[in-house]
Amino acid sequence: MTLHSYDILSETPDHLRGVYDIVHVRNFSFVIRDLEAERVIGNVLQLLKPGGYLQWAEVDALSYRIEKTSPGCKDDALKELMRLGRGADDRTTPHWVPEIPYYYQQAKLEEVESDVKDAPPYMAVAKHECNLIVPEMLARTTQNSALSERFSRLIPEAMEETHGGAYWAFTRLTVVGRKASG
Ligand SMILES: C[S@@+](CC[C@H](N)C(=O)[O-])C[C@H]1O[C@@H](n2cnc3c(N)ncnc32)[C@H](O)[C@@H]1O
């Protein structure tokens, strides 16, 4: 195996152009901004051989809702954390994710197929706990100390609400398409 690291917003290095049969991309949703999505998808396509496949898997953060194991579960901190997070950084609300099939069509990919899934019940809380890292990261990276304190105060409360049976739920999207052969 050979590993290469480069900036996906920059020019694709010559030695990586048209090299791969399959490119799999995952979890770029909190990395790319809406206005960068078309360029990034175009850059990723440059990695593929003609006839190669692109598979792209993302959480659709716009599908956010709260699920509860019973109607009485508390969810105030979970709701407030989501509200603050969305205000703190626009990358937490990536509008480009549900548009991936559209970008594939624009790029003239063939055999485009989308798989849209919600977490099965036995995975839902585990996936939610992975997502609780996002407010933790925002608390550490924001330049706004008052906001950072609010995140830090709410995270333990959100953990308690999680143990009480409330959690964030998101739909996940995987889109496959084939680059034209000729
Ligand atoms: C949320 S992680 C996902 C990692 C992995 N794909 C996965 O699903 O476990 C986002 C990744 O994007 C990478 N990244 C951020 N900005 C990038 C850029 N401009 N060009 C290439 N990679 C970038 C980060 O280094 C990080 O590895």
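Residues: numbered from 1 along the sequence shown. Just follow the structure's listing: the first ligand is 1, and inside any ligand the first atom is 1.
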Report task. Would you mind running through ligand 1 and noting each atom that sits below 4.0 Å from a heavy atom of D7? Result -> 18 (C), 19 (N), 20 (N)
**Report entry** Close approach, Y6 and ligand 1, non-hydrogen under 4.0 angstrom
**Finding:** yes
Report task. Look at the side chain of K179 and the backbone N and O of L45, then say whether any donor-acceptor pair between them is shorter than 3.5 Å. Result -> yes
Query raised in the report: Relative to the ring of H128, is the ring of Y167 parallel (under 30°), tilted (30 to 60°) or perpendicular (over 60°)?
Result: tilted
Requested in this report: Taking E36 for its side chain and L9 for its backbone only, find out whether a donor-acceptor pair lies under 3.5 Å.
Outcome: no
Report summary line: Among E58, R26, E36, the residue with a heavy atom nearest to atom 9 (O) of ligand 1 is R26
Query - Flag: protein heavy atom within less than 4.0 Å of atom 12 (O) of ligand 1 - result: yes
Query raised in the report: Considering only protein heavy atoms, which is closest to atom 20 (N) of ligand 1, and at what distance to one decimal place?
Result: I8 N, 2.9 Å
Query raised in the report: When rounded to the nearest 0.5 angstrom, what distance separates NZ in K49 from CD1 in I22?
Result: 10.0 Å
Report task. Measure the distance from atom 1 (C) of ligand 1 to every protein heavy atom, then report the residue, atom name and distance (to 0.1 Å) of the closest one. Result -> N27 O, 3.3 Å
Requested in this report: May I ask you to check if ligand 1 and V31 share an N or O to N or O distance below 3.5 Å?
Outcome: no
Query - Presence of salt bridge, D14 and R17, under 4.0 angstrom - result: yes
Report task. Keeping the roles fixed (side chain from W96, backbone from I32), state whether a donor-acceptor pair exists under 3.5 Å. Result -> yes
Requested in this report: Determine if the distance from atom 24 (C) of ligand 1 to the closest protein heavy atom is below 4.0 Å.
Outcome: no
Requested in this report: Mind checking the CD-CZ spacing from E67 to F170? Nearest 0.5 Å is all I need.
Outcome: 11.0 Å
**Report entry** Heavy-atom protein contact below 4.0 Å for atom 27 (O) of ligand 1
**Finding:** no
**Report entry** atom 14 (N) of ligand 1: nearest protein contact (heavy atom, Å)
**Finding:** F28 CE2, 3.9 Å
